[in-house]
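Only one structure is covered here, and it is reproduced in the block below.
First the proteins, then the strands, lettered A, B, ... as listed; each starts at 1.
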Protein chains: 2
Amino acid sequence: MRATLIHGAGDIRTGEVPDPQIQQPTDALVRVLRACICGSDLWPYASRPATEHGDRIGHEFLGVVEDTGADVTGFQRGDLVVAPFVWSDGTCDFCREGLTTSCRHGGLWGRDGVDGGQGEAVRVPQADGTLVKLPVAADSALLPSLLTLSDVFPTGYHCAKTAGVNERTTVTVIGDGAVGLSAVLSARLLGAERIILMGRHEARTDLGREFGATEVVTERGEEGIERVRELTGGDGTHTVLECVGLEPALTTAFGVVRAGGTVSRVGAPQYDKISFGFPDFLRNITLTGGVAPARPYIGELLPPILDGSIQPGRVFDRTVRLDGVPDGYRAMADREALKVMIAL
Amino acid sequence: MRATLIHGAGDIRTGEVPDPQIQQPTDALVRVLRACICGSDLWPYASRPATEHGDRIGHEFLGVVEDTGADVTGFQRGDLVVAPFVWSDGTCDFCREGLTTSCRHGGLWGRDGVDGGQGEAVRVPQADGTLVKLPVAADSALLPSLLTLSDVFPTGYHCAKTAGVNERTTVTVIGDGAVGLSAVLSARLLGAERIILMGRHEARTDLGREFGATEVVTERGEEGIERVRELTGGDGTHTVLECVGLEPALTTAFGVVRAGGTVSRVGAPQYDKISFGFPDFLRNITLTGGVAPARPYIGELLPPILDGSIQPGRVFDRTVRLDGVPDGYRAMADREALKVMIAL
């Protein structure tokens, strides 16, 4: 079959790989209908050392079950399913607590003999714990929004949830990428009435307004902090959703959070050390967040997509076929595209 | 009157200062009965530049109201009261939310013309918001435990509360100082059944066991982390209460916290930068805590002291008169004394 391979920084190719097969009785085979490119795929795209063979890549997909191992009880051939970006058994103590990203028998797509998501088919380990059935037809107009359930939407939602967003909290969202916009949508879903979006790409912040942002701050750094403080009587907001992952974004987050407030980060940190000492201690600032356990969130987020009340799939502004994936990476890296969907 | 003055690192003196007087209609004058020396007083004791005049010091005291300003309605002459270590108006938005340490009209003892607590009397600004009446006689045997309400006990309690300690969480407490032991007592009060105390001073960890610690780990650094992990099946504990304030203690905290867990810090940070990047992000670790808003906690913590079910005052292992305060600092700095009470 054909799949996306990364051969090094800037070098994405569509190539031939072996067809996946059931290996464990808990596996399922899924033929991919839609996949997409993640902001986090751009980190290896920027820096991965060159390899001859190429590595599988991609961790967001939905598709149709083609085959199941003997122990899989929850799915059968023909089911339309979405996969979260981490596979997990659904039964260990961490999974039962909702932290599927720390599953004792789980792992990542595209590693250790597990397929990447940007290809024609995927062997899904721990299928019963991992997959979620989608009650729509394979040609449903909802597919783009349902595809966001695999990563970007639950990631934004995790940010808002762990920050403690509710109808009484003011919110700043840092970053107008697809995660930031998903965080705006999530904050609105959780009842926030005042959502300040920090971003400077007008088409993106316009979508942010449609998702629920009440104000947009285009300034960055000290100026951006100053502007959010002006908008909030000098105090900052109760919650700050950091959706970038770079140190300056975190510095901005601490600058715009109100005393007693919470910064949540879901942008994969591209830093080791952070400034978080005495001044933030005196103000009782909490730093939370982390990699989103998407699987348990899907149940919460599926109904408002199915009933049409939210359309998180609007973050996709470009669709490519499998052989267009290399150009999709380029477009996202060049900020030509917000988020690229792959239709197989 | 006489009061404690710090003239520089290692130079604490008892000296003459002007008698305090009512300056604002919201002030009260309190004659101090008991005060104490805080672990945080040891930071200026270790490093304050020398001064000719000497600065007031001390922020933990209880005493008797001697006079009140015209606007004070909650107290009258003769009332026995305890003061939290930050004074606050009790009416601003932060105070109403329980974050009295961020009060819009509050401040610290011993600064900006406000008396320090280690002296014969104190002018208390914002008396109605700051003070709490103690329903006992001035010669009550409960005074030591009631004195802990001004700082050390609510600080330990804040650590346990913000960490989310409850009957279902396992707990590690880092530090066997008076704050660490108060954190143990607080974790027990909040229902924790398994409390691992990291400390190496046997007399202190013995008191920790009486306060509720179920295990003591004497090793530090990597060895200490290893030991706590061994005790918890490799996972670490759900909550970690960091009661030291030095970077190695925080590193230990991240090392012993379970995935999805929370580190709370109440030791005043003696660091600016911390290592809190991708590995902790992947494990969904939260860092919370901060300077404790003692005032609102006093109402929760007073009843179990009054009914004798807890005795947080056992952290005091030495009592001095006012002229013995310099030696009290020395004894705490030399770790001869755990916490020194001042009886006036």
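- By the neighbour-count criterion of 12 heavy atoms within 6.0 Å, atom CD of B:Glu300 is densely surrounded, having more than that number from other residues, nucleotides or ligands.
- Across B:Thr162, B:Ile274, B:Thr262, B:Thr286, the residue that shares the most heavy-atom pairs under 4.5 angstrom with chain A is B:Ile274.
- Contacts with chain B were tallied for A:Ala268, A:Gly260, A:Gly98; A:Ala268 has the most, counting heavy-atom pairs under 4.5 Å.
- Using a 4.5 Å cut-off between heavy atoms, B:Glu247 contacts chain A through its side chain alone, with no backbone atom that close.
- Formation of a donor-acceptor pair under 3.5 Å by the B:Asp272 side chain with backbone atoms of A:Phe276 is not found in this model.
- Applying the 6.0 Å contact sphere to CZ of B:Arg220 captures no more than 12 heavy atoms from other residues, nucleotides or ligands.
- Under the 4.0 Å criterion applied to side-chain N and carboxylate O atoms, B:Glu97 and A:Arg168 are not assigned as salt-bridge partners.
- Side-chain contact between A:Thr288 and B:Thr288: absent, with no pair of heavy atoms (C-beta onward) separated by less than 4.5 Å.
- Note that the CG atom of B:Asp280 and the CZ atom of A:Arg265 stand 7.0 Å from one another [nearest 0.5 Å].
- Between B:Arg104 and A:Asp235 there is a salt bridge, since a side-chain N of the basic residue sits under 4.0 Å from a carboxylate O of the acidic one.
- A:Arg258 CZ to B:Phe94 CZ: the interatomic distance, rounded to the nearest 0.5 Å, is 4.0 Å.
- When each of A:His158, A:Gln270, A:Lys273, A:Arg283 is checked for heavy-atom pairs under 4.5 Å with chain B, A:Lys273 comes out on top.
- Proximity of a side-chain donor or acceptor of A:Asn284 to a complementary backbone N or O of B:Ala292 within less than 3.5 Å is not detected.
- For B:Ser102, the part lying near chain A is the side chain, with the backbone staying farther off; criterion is any non-hydrogen pair under 4.5 Å.
- Using a 4.5 Å cut-off between heavy atoms, B:Leu282 touches chain A through backbone and side chain atoms alike.
- Residue contact with chain A, scored on non-hydrogen atoms closer than 4.5 Å, involves the backbone of B:Ile285 exclusively.
- Among A:Ser264, A:Pro293, A:Gly289, A:Gly245, the residue with the largest count of heavy-atom pairs under 4.5 Å with chain B is A:Gly289.
- Residues A:Phe281 and B:Gly267 share a closest heavy-atom pair of CE1-O, 3.7 Å.
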